[in-house]
There are 2 protein chains.
Amino acid sequence: MPVELTPSQALGLWHSVSLAQVRVDSRDLTLRQLAILLHVYLVPPPHTVRGLAATLGVTKPVITRALDTMGALGLVDRVRDDRDRRNVIIKRTVEGALYLEKLGDLIILQGRHLSL
Amino acid sequence: MPVELTPSQALGLWHSVSLAQVRVDSRDLTLRQLAILLHVYLVPPPHTVRGLAATLGVTKPVITRALDTMGALGLVDRVRDDRDRRNVIIKRTVEGALYLEKLGDLIILQGRHLSL
DNA sequence: GCGGATCGTTACGCAAGCGTTTCTTTCGTC
DNA sequence: GACGAAAGAAACGCTTGCGTAACGATCCGC
């Protein structure tokens, strides 16, 4: 079942969620980092650096750096692929799942408060 | 009328929109910048640096810098307040309106494509 | 096993954002 | 008019992200 939004609702939703997120979260992930995080958690594994780079349309170092940052925050983890030891598999973490769960709650809450 | 979303829909929407935005827009605004932009365009004027800082819960230089950046991109404009020349009024631009219009279209489109 | 291709990382110089502090202009009050 | 308060900008040192290019490790076909 699709979600039908008016232009006002769409931007209003983005507005209220962004605002709440800025106020709540000092980490201030970039849009790229957030896209990576969501992709890792919403799309079936395995996820590799190369795959993410292709998906986002960015270069590999961008992914490496984003994983460095989010890894330090505990939002993702990296493990060598034993079947092809050139690959690195990006793993989910409990903390990362919690982070996205809170974001989801925020979106739902703000969506519910939309009026127009 | 509120917008009711399931957790999967909420995060799925954020995922697909973030992904599309990263692929389309090389400007890569930060979450703070986007929040400012949305606030300026969705909330009735006038908007001042101080007011935005209070709304976002950040310091004034953060707002000044964000306005510098987005001003250079043509997304917002700054005008001195003639009634109190200490204030700066943040003005909307055609280009900024167009930018947000495209973002809104993207959100609507991705919302429509949500399945679960 | 050797040579080329592939994967992820690191190095480099650069641009942009951060928080704190200081400065300049303007206001309001005495 | 003088003076403290307020708004926004600029300065400072620091951190983080960027794109390009180079680098080690690993795989695979011969």
Side-chain angles (χ1 to χ4, degrees), chain A residues 18-19 21-40 45-92, chain B residues 18-19 21-40 45-91 99:
Chain A
S18 302
L19 217 55
Q21 187 69 6
V22 165
R23 273 196 284 236
V24 161
D25 187 14
S26 60
R27 274 173 284 204
D28 196 28
L29 297 186
T30 68
L31 185 60
R32 287 175 170 188
Q33 290 168 343
L34 184 59
I36 293 170
L37 193 62
L38 283 162
H39 196 77
V40 167
H47 298 287
T48 64
V49 173
R50 174 165 182 71
L52 287 172
T55 301
L56 292 239
V58 298
T59 59
K60 289 188 294 177
V62 167
I63 305 296
T64 296
R65 275 190 296 258
L67 294 179
D68 287 344
T69 301
M70 294 193 291
L73 294 174
L75 299 177
V76 294
D77 200 6
R78 273 188 276 203
V79 178
R80 274 277 164 208
D81 182 358
D82 275 331
R83 298 189 315 174
D84 182 343
R85 297 189 51 75
R86 290 173 302 178
N87 290 335
V88 163
I89 307 294
I90 291 93
K91 295 284 193 187
R92 302 167 184 170
Chain B
S18 301
L19 217 55
Q21 187 69 5
V22 165
R23 271 196 285 235
V24 161
D25 188 12
S26 60
R27 275 172 282 203
D28 196 27
L29 297 187
T30 69
L31 186 60
R32 289 174 169 189
Q33 289 168 343
L34 184 59
I36 293 171
L37 193 61
L38 282 162
H39 196 77
V40 167
H47 299 288
T48 64
V49 172
R50 174 165 181 73
L52 288 171
T55 301
L56 292 238
V58 299
T59 59
K60 288 188 296 176
V62 167
I63 306 295
T64 296
R65 274 190 296 260
L67 294 180
D68 286 345
T69 302
M70 293 192 291
L73 294 174
L75 299 178
V76 295
D77 199 6
R78 272 188 277 203
V79 177
R80 275 278 164 205
D81 182 358
D82 274 332
R83 298 189 314 174
D84 183 343
R85 296 190 53 75
R86 290 174 301 181
N87 291 333
V88 163
I89 306 295
I90 292 93
K91 294 285 192 185
Y99 180 88

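Just so it is clear: chains get the letters A, B, ... in the order the sequence lines come, proteins before strands, and each one is counted from 1. Everything quoted here is computed from the prediction, not taken from an experiment.
The two residues Arg78(B) and Thr64(B) come nearest to each other via the heavy atoms NH1-O, 3.8 Å. The two atoms that bring Val22(B) and Leu56(A) nearest to each other are CG1-O, 3.7 Å, heavy atoms only. Considering every non-hydrogen atom in both His47(A) and Val40(A), the closest pair reads NE2-O, 3.3 Å.
Taking CD from Gln33(B) and CG from Leu31(A), the interatomic distance works out to 11.0 Å, rounded to the nearest 0.5 Å. Between the CE atom of Met70(B) and the CD1 atom of Ile63(B) there is a distance of 8.0 Å, given to the nearest 0.5 Å.
Within residues 51-62 of chain A, the residues approached by DNA chain C to less than 4.0 Å at the level of any non-hydrogen atom are Lys60(A), Pro61(A), in residue-number order. A heavy-atom distance below 4.0 Å to DNA chain C is reached by these residues of residues 78-88 of chain A, ordered by number: Arg78(A), Arg86(A), Asn87(A), Val88(A).
One interatomic measurement links the two molecules: NE2 of His47(B) to P of dA7(D), which rounds to 17 Å at whole-angstrom precision. Between Leu67(B) atom CG and dG17(C) atom P there is a gap of 11 Å when expressed in whole angstrom units. Between the C1' atom of dG17(C) and the CD1 atom of Ile63(B) lies a distance of 13 Å, rounded to the nearest Å. One can place CD1 of Ile90(B) at 11 Å from C1' of dA7(D), the figure rounded to the nearest angstrom. Taking atom CG of residue Asp68(A) and atom P of nucleotide dT15(D), one finds them 17 Å apart after rounding to whole Å. Rounded to whole angstrom, the span from the CZ atom of Arg32(A) across to the P atom of dA16(C) amounts to 14 Å.
Look at Thr64(A) and you'll find a side-chain N or O under 4.0 angstrom from OP1 or OP2 of dT9(C). Checking the phosphate oxygens (OP1, OP2) of dG17(D), no side-chain nitrogen or oxygen of Thr30(A) falls inside 4.0 Å. At the phosphate of dA16(C), neither OP1 nor OP2 sits under 4.0 Å from any side-chain N or O atom of Arg65(B). An OP1 or OP2 oxygen of dA16(C) is reached within less than 4.0 angstrom by no side-chain nitrogen or oxygen of Gln33(B).
For Arg80(A) (side chain) and Ile89(A) (main-chain N/O), no donor-acceptor pair under 3.5 Å exists by modelled atom type. The backbone N or O of Thr55(B) sits less than 3.5 Å from a side-chain atom of Arg23(A), completing a donor-acceptor pair.
More than 12 heavy atoms of other residues, nucleotides or ligands shown are found within 6.0 angstrom of CZ on Arg92(A).
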Is there a side chain to side chain contact (heavy atoms under 4.5 Å, CB included) between Ile90(B) and Ile36(B) once you walk through the steps?
-> CA-CA 10 Å; Ile90(B) 292 93; Ile36(B) 293 171; over 6 Å; no
